[in-house]
Amino acid sequence: MYQRQFQKIQPQTTAHLAQTMTLLNMNLGELNQEINRALNENPALVVKEERRCPTCNYILHEGQICPICTRPRSSAENESIVFISPRGEFVPKNSTSEDEIFTDENMGSEEISLEEYVLRQVVSDLEEKERIIAAYILNQLDEDGFFKEDISEVASYYHVSVSTIEAIKRIIQKADPIGIASASPEEAIKVQLDELRENGEVPETYLEIADRYLHQLLKKQYKEISQELGIPIQEVIGAADYFGKNLNPYPTRAHWGTFRQPAAEENKVYSNPDVIISHLNNDPAQPLLVEVIIPYISFLNINPLYTQAIKEANEETRNELRSDYEKANLFIKCLQQRNNTMQRLLERISRLQKEYILKGEKYIQPLTRAQIAQELKVHESTISRAVSSKSVQLPDGRIIPMSLFFDRSLGIRAEIKEIIAEEKKDDPLSDSEIVKILSKKGFDLARRTVAKYRLMEGILPAHQRRNQKR
DNA sequence: CTATGGCACGGATT
DNA sequence: AATCCGTGCCATAG
C-alpha cells in the first residue's frame with residue numbers, strides 16, 4: 001500500500017509537477033497554512049485519525065517520535081539518521097536551554113496561554129471597557145500573532161473611536177512579545193524599533209530603512225537601498241545586521257531574549273526550523289538525528305466517504321465529486337513527494353556536511369546545489385526550491401538558513417575570524433596582510449574580498465581595531 | 001603613501 | 001533569465 005504510493009512519484013503530470021514545486025518552495029509555516037487551506041477547500045481531504053510515521057509507516061502514538069526510525073541500524077551506526085517527523089507535541093532537543101517558546105504546540109495546559117500572558121501585562125494600563133476590547137483583539141490573533149482585522153470595523157462594533165482602538169492596540173504591541181498584534185511583520189518591526197529607540201540609540205537611517213525598505217532589506221538588496229537613500233552600503237548592511245540581532249518580524253514565534261549567541265549569523269531572524277539536527281538522546285556519542293519537520297496535520301487522507309459517494313452518485317454530481325477526489329489525491333501525492341525530496345536532500349547534506357554540523361564553520365565543504373541535484377537525479381531548480389527559505393537547527397541549538405550549507409565563503413570567513421582573533425591587539429592586520437596569511441594556508445582570494453568578508457562578520461577595519469577589547 | 005570602501009563588470013549559480 | 005559573488009579599478013580617508 002505504502003510502496004505503491006511512492007512508486008507513483010515517477011510519472012508526473014504537469015499539474016503534479018507544478019504543485020509539488022510550489023509545496024517544495026514552502027517552509028514549515030507556509031506549508032501549514034497551505035494544508036489548512038486545502039483542508040477547508042476540499043471536502044475530499046481529511047486528517048487521518050491513525051498516525052503513522054511518514055518515513056517508515058510505523059504507527060505512532062500521540063506526540064511520539066518514530067521509534068523505528070530513531071533506532072540506529074547496525075549498518076548505519078556512523079551515518080546520520082534522516083527521517084520525516086510530524087510536528088506534534090515535539091520536544092526540542094535543547095529543552096534544557098531553550099526555555100520559553102511561544103509556539104502553539106508548546107502552550108500546554110499548565111502554562112497560561114499567550115493571550116492571557118499578554119492580557120495580564122496590559123490590564124493595569126486599561127480601563128474596564130478597554131480590557132474587553134483588548135481581550136477581543138488578543139483572541140483574534142492569527143497563528144503568527146498578527147491582528148489583521150480592520151480597525152474601523154472593530155471600532156464601530158464596540159461603538160468607540162478608531163483612535164481608541166489604536167491606542168489599545170499600541171499598548172498591547174508594547175507588551176512582552178513586543179510587536180504582537182501588529183498587522184504585519186513590518187509593523188511588528190517598527191514597534192520593536194520604537195521600543196529600542198526609547199532605551200538607547202538607534203540611528204535615524206535605520207528608522208527610514210525599516211519604514212520603507214524593509215522588504216528589500218530582507219531580499220538583501222543592499223545596493224539598491226543604499227543608492228536610493230544615498231548612504232554607504234555598509235551602513236545598510238549594518239542595519240541589516242542590527243535588525244537581525246535585535247528584531248523579530250514574527251514576535252510570537254520565539255523570543256530573542258536579551259541576547260542570543262553573539263556569534264550571530266545572517267541578517268534574517270528565523271522562526272521554527274524546518275529541519276532539526278540533533279544527537280540521539282542528546283548524547284554526542286550517538287549518531288546524528290536529522291528530522292525533517294512537517295506539520296502534524298499533514299497526515300492527510302482521502303475521505304473514505306467520498307469513494308463510497310462517488311459510486312452511488314448520479315452522473316452530474318459524480319463528476320463534481322471526482323474532481324475533488326482527484327485534487328485531494330494529487331495534493332497528498334505532492335506532499336509525499338515534497339517530503340521524499342526533502343528527506344533525500346537532507347540525507348546528502350547531512351552526510352556531506354557532517355563535519356560542519358558537528359564542528360562548526362571551519363569544516364564546511366564546498367557544495368553546490370547543482371552537485372546535489374545530479375546525485376539525486378532531480379532538476380537543479382528542485383534543489384533550489386527545497387533549500388530556499390528553509391532553516392535548520394543544529395545540534396548546538398543555532399538556527400541557520402539551509403542555504404548556508406552551500407555557502408562557499410563560510411569556511412574562509414571562519415578562517416578570517418580566527419586569524420583576526422589571534423592577531424596582536426596592538427598591531428592589527430590589514431586586509432592585504434590577511435590575504436598573505438590566507439594564501440599560505442591555501443586560500444586564494446583577493447584583498448577586496450577579504451574586506452567584504454570582514455564586513456559581513458561585523459569586524460571593524462584594522463586601524464579601528466587597535467587596542468580594543470576583544 | 002597605504003588601507004579601505006564604492007561601483008560596476010563578468011562569470012558562476014540558481 | 002535573474003541573481004549573486006568575487007574582483008579590479010578608482011576615489012577618498014587616514
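In what follows, chains carry the letters A, B, and so on, assigned in the order in which the sequence lines appear, proteins first and then strands, with residues in each chain numbered from 1. Note: hydrogens, waters and symmetry copies are ignored here, and every other heavy atom, side chains too, is used.
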Residues which pass ring-ring contact (aromatic ring centres under 6.0 Å, His included) with F406(A), listed by chain and number, not counting sequence neighbours: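 Counting only residues at least two positions away or on another chain, F406(A) forms no ring-ring contact (aromatic ring centres under 6.0 Å, His included).
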Side chain to side chain donor-acceptor pair (under 3.5 Å) with R71(A): which residues, sequence neighbours excluded?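 With sequence neighbours excluded, R71(A) shows a side chain to side chain donor-acceptor pair (under 3.5 Å) to no residue whatsoever.
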Residues in side chain to side chain donor-acceptor pair (under 3.5 Å) with T368(A), at least two apart?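 Partners of T368(A) by the side chain to side chain donor-acceptor pair (under 3.5 Å) criterion come out as none, since no residue qualifies.
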From the list dT7(C), dG14(C), dT13(B), which nucleotide is the closest neighbour of the side chain of L445(A)?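 The answer is dT7(C), which lies nearest to the side chain.
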If you check every side-chain atom of S430(A), which of dT4(B), dG6(C), dT14(B) has the closest atom?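 Taking heavy atoms from C-beta onward, the closest nucleotide is dT4(B).
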Suppose we screen for salt bridge (Lys or Arg N to Asp or Glu O under 4.0 Å). Which residues come up paired with E422(A), at least two apart in sequence or across chains?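 Salt bridge (Lys or Arg N to Asp or Glu O under 4.0 Å) check on E422(A) returns nothing, list empty.
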Round to the nearest Å and state the distance from [X] atom [atom1] to [N] atom [atom2].
{"X": "I434(A)", "N": "dG6(C)", "atom1": "CD1", "atom2": "P", "answer": "16 Å"}
{"X": "R369(A)", "N": "dT3(C)", "atom1": "CZ", "atom2": "P", "answer": "15 Å"}
{"X": "E380(A)", "N": "dA1(C)", "atom1": "CD", "atom2": "C1'", "answer": "14 Å"}
{"X": "K436(A)", "N": "dT2(B)", "atom1": "NZ", "atom2": "C1'", "answer": "12 Å"}
{"X": "L404(A)", "N": "dT13(B)", "atom1": "CG", "atom2": "P", "answer": "17 Å"}
{"X": "L460(A)", "N": "dA13(C)", "atom1": "CG", "atom2": "C1'", "answer": "15 Å"}
{"X": "L455(A)", "N": "dG5(B)", "atom1": "CG", "atom2": "C1'", "answer": "9 Å"}
{"X": "D431(A)", "N": "dG8(C)", "atom1": "CG", "atom2": "C1'", "answer": "15 Å"}

Looking at every strand, decide which applies to S409(A) at a 4.0 Å heavy-atom threshold: base, sugar-phosphate, or nothing.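 Sugar-phosphate: the residue S409(A), judged by heavy atoms under 4.0 Å, touches backbone atoms but no base.
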Just call it for I383(A): base, sugar-phosphate, or nothing, with non-hydrogen atoms closer than 4.0 Å on any strand.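 The answer is nothing, as I383(A) stays clear of every strand by at least 4.0 Å.
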Are the charged groups of E34(A) and R37(A) less than 4.0 angstrom apart, N to O?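 Looking at R37(A) together with E34(A), the answer is yes, because their closest N to O distance falls below 4.0 Å.
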Of all the heavy-atom pairs spanning R348(A) and L376(A), show the shortest one and how long it is.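 Heavy atoms only, the tightest pair is CG-CD2, 3.7 Å.
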Under 3.5 Å, side-chain donor or acceptor atoms of residues 436-449 of chain A against the rest of the protein: list the pairs with distances, not counting sequence neighbours.
| unit_1 | atom_1 | unit_2 | atom_2 | d |
| --- | --- | --- | --- | --- |
| S439(A) | OG | K436(A) | O | 2.9 |
| K441(A) | NZ | E415(A) | OE2 | 3.1 |

Contact list for DNA chain C against residues 446-454 of chain A - heavy-atom distance below 4.0 Å: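 Going residue by residue through residues 446-454 of chain A, the ones with a heavy atom under 4.0 Å of DNA chain C turn out to be A446(A), R448(A), T449(A), K452(A), Y453(A).
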